[in-house]
Every structure is written in structure tokens, then in C-alpha cells.
Amino acid sequence: MQEVTILDLKETKGRILGVDFGDTRTGLAISDASRFLASGIGYVSPGGIVKTADKVAEVAREQKAVAIVVGLPKNMDGSEGFRAERCREFADLLRERLADIPVAMMDERMTTMSASRYLNETNTRGQKRKGVIDTLSAQIILQNALDRLKN
């Protein structure tokens, strides 16, 4: 399957689904149709990479997404480790399920750190924090992609 870049998504028109894949929880965000703003829509935790891909594909269809951006966790030096490999595997599963919807990878370095800093500033703690951080990370990944598409 051919991997697309963020800039390839300029060819599409409509809402984009942002995904922060995780083994326990996978955060989700959706853009508005004009691609100006990313909004968190929650997270899924069906268990396992295959079930998660099934669920995210279902959400993409429900949200009428025309493209998907999956966060790619690179190391600070730009290299890729096990987590990046796992996210690429997840993106491939999405491509299999959604052959008509392009799936791009977006460098997500620092997004979890940005999300954590924001949650610290808003004094979000405990269980509430766990439920929000993955969604917020997906929102940051998607907003970064939208900003890149604009420039």
C-alpha cells in the first residue's frame, strides 16, 4: 500500500480524522469541513491493534472523514523505534479497511508533552487526565497537520 504524505491530503476536500494510536487508548479528533480547527472527539479502547483499527475505521465512516492522519512517534533525533513501527502497522491496517480514504503519518514529537503541559496548566489530574490526554494528543496532531496544509 502506498503511503501518502500530509501534503497529498490537499487533493481531498472535507473532514480529516486525527488519530493518536496507543496500546491501551487511542485518541481521536476531527476537523471541521473547512479544515480550520481540530476538535477532540474522545478515545476508543477496544483492545488490540486489529480491533482498534476496526473501531477507528468505523468512526472514520461515521464522521464522514475523507482522510486520516495518524501520529508517528519519532525519537528526538528523528529516528524511529518500536512505537513508530507499531503506529505504521496500525496505519497499514486502516488502509486495508478504508481503501478509499488516504491515511497519512504525522510526526508527533512533543505532542504528548504539549498535552501534558496544557493539562498541568488547567490542573487536570487523576482519572480525568487519563481520559483526556489521548484525545488532546490526537487534537494536537491533527491541528499541526491542518496548519501544515494551510502553509
Side-chain angles (χ1 to χ4, degrees), residues 1-118 130-151:
M1 278 168 272
Q2 183 182 350
E3 187 169 318
V4 297
T5 69
I6 294 299
L7 297 179
D8 293 329
L9 301 184
K10 279 190 174 194
E11 305 301 314
T12 63
K13 299 285 183 230
R15 295 161 55 117
I16 300 175
L17 183 70
V19 181
D20 180 36
F21 173 72
D23 289 325
T24 305
R25 284 177 308 279
T26 295
L28 302 172
I30 193 78
S31 74
D32 59 328
S34 68
R35 297 183 175 180
F36 180 73
L37 189 63
S39 299
I41 56 172
Y43 66 89
V44 295
S45 53
I49 193 170
V50 173
K51 286 183 181 175
T52 302
D54 290 340
K55 185 63 181 169
V56 171
E58 181 184 316
V59 171
R61 296 233 184 265
E62 287 170 2
Q63 294 289 330
K64 296 180 176 43
V66 299
I68 298 174
V69 174
V70 176
L72 181 63
K74 290 187 175 186
N75 297 321
M76 291 311 288
D77 66 1
S79 64
E80 294 183 12
F82 173 75
R83 290 297 317 148
E85 187 179 309
R86 190 95 165 124
C87 289
R88 286 190 183 281
E89 181 184 347
F90 175 74
D92 285 342
L93 289 171
L94 283 179
R95 288 183 187 104
E96 288 172 11
R97 284 151 180 74
L98 300 163
D100 56 327
I101 297 177
V103 178
M105 305 294 292
M106 177 76 186
D107 184 348
E108 68 167 52
R109 276 180 280 193
M110 313 282 280
T111 56
T112 301
M113 199 163 37
S114 295
S116 292
R117 188 171 37 245
Y118 176 78
K130 280 185 180 178
V132 172
I133 196 157
D134 300 297
T135 304
L136 185 54
S137 292
Q139 187 175 343
I140 292 169
I141 290 165
L142 180 56
Q143 190 63 56
N144 288 344
L146 297 175
D147 292 347
R148 184 136 182 241
L149 282 171
K150 276 185 254 172
N151 297 331

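Atoms considered below: every heavy atom in the structure, side chains included; atoms not considered: hydrogens, waters and symmetry mates. In this text, all values refer to a predicted model and were calculated from it rather than measured experimentally.
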Smallest separation among heavy atoms of Cys87 and Val70, with atom names: O-CG1, 4.3 Å

Within-4.5 Å side-chain heavy-atom neighbours: Val103 and Glu96: no

Test item: side-chain donor near acceptor, Thr12 and Arg35, under 3.5 Å: yes

Separation between NZ of Lys55 and OG1 of Thr52, rounded to the nearest 0.5 Å: 10.5 Å

Interatomic spacing from CG in Leu149 to CG in Asp8 - rounded to 0.5 Å: 10.0 Å

Stepwise side-chain contact (heavy atoms from CB on, under 4.5 Å) test for Val50 and Arg97: CA-CA 10 Å; Val50 173; Arg97 284 151 180 74; 3.4 Å; yes

Contact check, side chains of Arg86 and Phe90, non-hydrogen atoms, under 4.5 Å: no

Side-chain donor or acceptor of Gln143 paired with backbone N/O of Ala138 under 3.5 Å: no

Result of checking Val56, Thr26, Leu72 against Phe21 for side chain to side chain contact (heavy atoms under 4.5 Å, CB included): Thr26

CG on Asp54 to CG on Leu94, rounded to 0.5 Å: 9.5 Å

Identified side chain to side chain contact (heavy atoms under 4.5 Å, CB included) partner of Leu28 from the options Val44, Thr135, Leu142: Val44

Criterion salt bridge (charged side-chain N to carboxylate O under 4.0 Å, His left out) on Glu58 and Arg61, from CA distance to verdict: CA-CA 5 Å; Glu58 181 184 316; Arg61 296 233 184 265; over 6 Å; no

Salt-bridge contact Glu85-Arg88 (side-chain N to carboxylate O under 4.0 Å): no

Side-chain donor/acceptor of Gln139 to backbone N/O of Ala29, under 3.5 Å: no

Rounded distance (nearest 0.5 Å) linking atom CG of Leu98 with atom CD1 of Ile68: 5.0 Å

Shortest non-hydrogen contact from Ile141 toward Gly71: CD1-CA, 3.8 Å

CA sep, side-chain torsions, deciding dist, call: Val69, Leu9, side-chain contact (heavy atoms from CB on, under 4.5 Å): CA-CA 9 Å; Val69 174; Leu9 301 184; 3.7 Å; yes

Side-chain H-bond candidate by donor/acceptor type, Asp134 with Ser137, under 3.5 Å: no

Euclidean distance, Arg15 CZ relative to Ile30 CD1, rounded to 0.5 Å: 4.5 Å

Atom pair CD1 (Ile6) and CG (Asp147), whose distance is rounded to the nearest 0.5 Å: 11.5 Å

